[in-house]
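Input: a single structure, listed below in structure tokens.
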Amino acid sequence: MSNNYQKIEPLIEKRFQEIEQEIEKEGEKYPIHIADFLKEVFKGTEWIVEHLIPKDSIVAISGLPGSYKTWIALIIAKCVAQGELLFGHFKITPTSVLIVDEENSKRLLHKRLSKLELNPYLPIYLLIQTGFKIDKR
């Protein structure tokens, strides 16, 4: 296990705990009557990538093998971390990025990241082939 992973793992776990606490604080109890539900007011969506990736979300990119999923994810990560328009069109709210890649080898991901000529000091973090799962314990 790399030293960087050891540093980031507690941060990831802490964030998941915070999200679970936020969900519990909302105190939604089911069933809820439709009249009560319709009284609720929701604020507008905040976007990391305008109209594509909402703030406080987990995004999964899926598709057939060889359909450029990893490339798209890496380009999105680069733009979000740098705060530049995605594909020259979509506005970005700059933030740090966690890429969880359970499909590609470290060697392949390294090769692709190198081709993108990323600034190595961007706030991009990687979990590669760690058996990472998003589930409720």
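Every value quoted in this text rests on a predicted model; they were computed, and no experiment measured them. Just the heavy atoms: all of them, side chains too, but no hydrogens, waters or symmetry mates, feed the values below.
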Legend entry - Lys111 side, atom NZ; Asn104 side, atom CG - distance, nearest 0.5 Å: 12.0 Å
Inset, instruction - Nearest 0.5 Å please: distance from the OG1 atom of Thr45 over to the CG atom of Asp56. - result: 11.0 Å
Inset, instruction - Determine yes or no for a side-chain-to-main-chain donor-acceptor pair under 3.5 angstrom, with Glu102 supplying the side chain and Thr130 the backbone. - result: yes
Legend entry - Flag side-chain contact, heavy atom, 4.5 Å: Phe90 against Ile53: no
Legend entry - Trace of the side chain to side chain contact (heavy atoms under 4.5 Å, CB included) decision for Arg112 with Leu108: CA-CA 6 Å; Arg112 290 178 176 176; Leu108 179 58; 3.7 Å; yes
Inset, instruction - Would you give the length of the straight line joining atom NZ of Lys91 to atom CD of Glu84, rounded to the nearest 0.5 angstrom? - result: 16.0 Å
Legend entry - Separation of Ile72 CD1 from Ser67 OG (nearest 0.5 Å): 7.0 Å
Inset, instruction - Of all the heavy-atom pairs spanning Ser105 and Ile128, show the shortest one and how long it is. - result: C-CG2, 4.3 Å
Legend entry - Distance (rounded to the nearest 0.5 Å) between Lys78 NZ and Leu113 CG: 10.5 Å
Legend entry - Closest heavy-atom pair and its distance - Ile124, Ala81: CG1-CB, 3.6 Å
Legend entry - Heavy-atom pair with the smallest gap, counting every atom of Pro54 and Ser57: O-OG, 2.5 Å
Inset, instruction - Say whether Leu116 and Leu122 are linked into one hydrophobic cluster, either directly or through other cluster members, by side-chain heavy-atom distances under 4.5 angstrom. - result: yes
Inset, instruction - Please round to the nearest 0.5 Å and tell me the distance separating atom CZ of Phe87 and atom CG of Leu52. - result: 8.5 Å
Legend entry - Donor-acceptor under 3.5 Å (Lys69 side chain, Ala60 main chain): no
Inset, instruction - Check the pair Leu74 / Leu109 against side chain to side chain contact (heavy atoms under 4.5 Å, CB included), numbers first and verdict last. - result: CA-CA 9 Å; Leu74 297 176; Leu109 198 55; 4.1 Å; yes
Legend entry - Crowding at CD1, Ile34 (>12 non-hydrogen neighbours, <6.0 Å): no
Inset, instruction - Using the rule that two of Ile, Leu, Val, Met, Phe, Trp, Tyr join whenever any of their side-chain heavy atoms come within less than 4.5 Å, decide whether Leu85 and Ile75 are in one cluster. - result: no
Inset, instruction - Spell out, as yes or no, whether a donor-acceptor pair under 3.5 Å connects the side chain of Gln129 to the backbone of Lys106. - result: no
Inset, instruction - Examine distances only and state if a side-chain atom of Glu50 and a backbone atom of Ile92 form a donor-acceptor pair shorter than 3.5 Å. - result: no
Legend entry - Check: Glu103/Thr70 side-chain N/O donor and acceptor closer than 3.5 Å: no
Legend entry - Side chain Thr93, main chain Trp47, donor-acceptor under 3.5 Å: yes
Inset, instruction - Would you mind reporting whether Leu127 and Leu98 have side-chain heavy atoms less than 4.5 Å apart? - result: yes
